[in-house]
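Notes follow the structure.
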Amino acid sequence: MPLRSQVAESRSGAVGSLALACIALLLSACGAAPDVDLVDPQATDETKALFANLQRISDEAVLFGHQDDLAYGVEWWAEPGGSDVKAVAGSYPAVYGWDVGDLGHGAAVNLDSVRFDQMRDWIRGGYERGGVITISWHMDNPVNDSSSWNTTRAVAKILPDSSHHDAYVEKLDRFAEFAHSLDAGFWRWLGFGHPVPVIFRPFHEMTGSWFWWGGDNTTPDAFKRLWRFTVEYLRDEKDVHNLLYAYSPDVFADREEYLKYYPGDDYVDILGYDDYHSLTFGYEALAADTVDMSPQTADSIAAAALAEPLRTVAREADARGKIPAFTETGFEGIPDSTWWTDRLLRALKTDSLTRQTAYVLVWRNANRERYPGHHFAPYPGHASADNFVRFREDSLVRFEDDLPDLYDMP
Ligand code: BMA
């Protein structure tokens, strides 16, 4: 080969390598698709990143969450910047829970009077500050449009080719529209936003029989078919790609019961658990003086009672490459002023498995005038406020002001 062609060839080789290196650099700068195995292979990059980051930090951190945190508190309603959690602890929660009950029949407000248009703004605000959004759905019974607590059998009737399928699909259509409308980002005004990632937690507490979709009101097989249809419809028919799917049974006796309604690894991203029971152990007996037990003993029994199911959830999540989470809990009114550290934190810190819990979400602080005493986080002046601050200061616990970027690929 003549010298000139050799030089030309080596030059073009160098240019080629340079171009390849630039492309690689560009791809990594754009946050090239992360290697995560989700229910939705077409999930948005931010949704994939959220999963990867939650999985990555779940060993060292438990994110704190609160339902309806920005919408109202015990003594206020829909005030800009409002949050009982922030008022007490100095930071917003890391996880924001919302519920789309009543969205299915086209209402403007949810079942707890939160306006959906405001909910959308609060969801965007929480996400843009770096928080995590999760949505549950106290869905009306599609057979009679009564509430989610109406236990008329419905699950088998809303499956494809069944009598009330169309009524169910109509609800899903409204949900899909809402999920698409959750856009964020600087350019969203020009139509170039991206959808906010959401941990979607439908049909929660299905091991209990209080909702039409759970326990004695369905068969596990019909439940699983409904779950799979729901995922496939939202993902494949409605092109909703900003959801991680959370499965969250209530109190269970063993691994078999935990998995009784599990629709399969291809349909679940987050293995959740709801429990309002374990951490209330012993209070009544202590108050009535019917047991010979110190409050400290009761605390440790309660923490152990919660640690056990949390371990099961973490083990199952590990085995499947999923994320374990304590998706709903709380102690109504928090009548124990040291509940946060002596019970909740103690359970979460029990061992390396319980520490894997990615987040814990406590239920809403209902406005005093609407539902007195129904609150699960402290508000200024509450007897557990100081203890809540101690809980927040623990190195395991993260509020919003102490989060890494969860939406960028690790
Ligand atoms: C329940 C209660 C109800 C509420 C429902 C949905 O646990 O808080 O008052 O309507 O959740 O948020």
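The residues of the chain are indexed from 1 along the displayed sequence. Because the structure is predicted, anything quoted here is derived from the model rather than measured. Order of listing sets the numbers, starting from 1, for every ligand and every atom in it.
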Next on the checklist: So, 4.0 Å and heavy atoms of D112: is ligand 1 close enough to count as a contact?
Outcome noted: yes

Checklist entry - Nearest to atom 9 (O) of ligand 1, what protein heavy atom do you find, and at what distance? => result R364 NH2, 2.8 Å

Checklist entry - Considering only protein heavy atoms, which is closest to atom 7 (O) of ligand 1, and at what distance to one decimal place? => result W363 NE1, 3.2 Å

Checklist entry - Can you say whether the rings of Y168 and F229 are parallel (under 30°), tilted (30 to 60°) or perpendicular (over 60°)? => result tilted

Checklist entry - atom 5 (C) of ligand 1: which protein heavy atom is closest, and how many Å away? => result W149 CH2, 3.8 Å

Item to check | Parallel, tilted or perpendicular: rings of W340 and F64 (30°, 60°) | outcome: perpendicular

Checklist entry - Taking non-hydrogen atoms only, is H374 closer than 4.0 angstrom to ligand 1 via side chain, backbone, both or neither? => result side chain

Next on the checklist: Out of all atoms in ligand 1, which are within 4.0 Å of some heavy atom of Y371? Include the element for each.
Outcome noted: 9 (O)

Next on the checklist: Can you classify the ring geometry of W98 versus W122 as parallel (below 30°), tilted (30 to 60°) or perpendicular (above 60°)?
Outcome noted: parallel

Checklist entry - Out of N144, T218, I158, which residue meets the side-chain contact (heavy atoms from CB on, under 4.5 Å) rule with W212? => result I158

Checklist entry - Any side-chain donor paired with an acceptor under 3.5 Å for D99 and N110? => result no

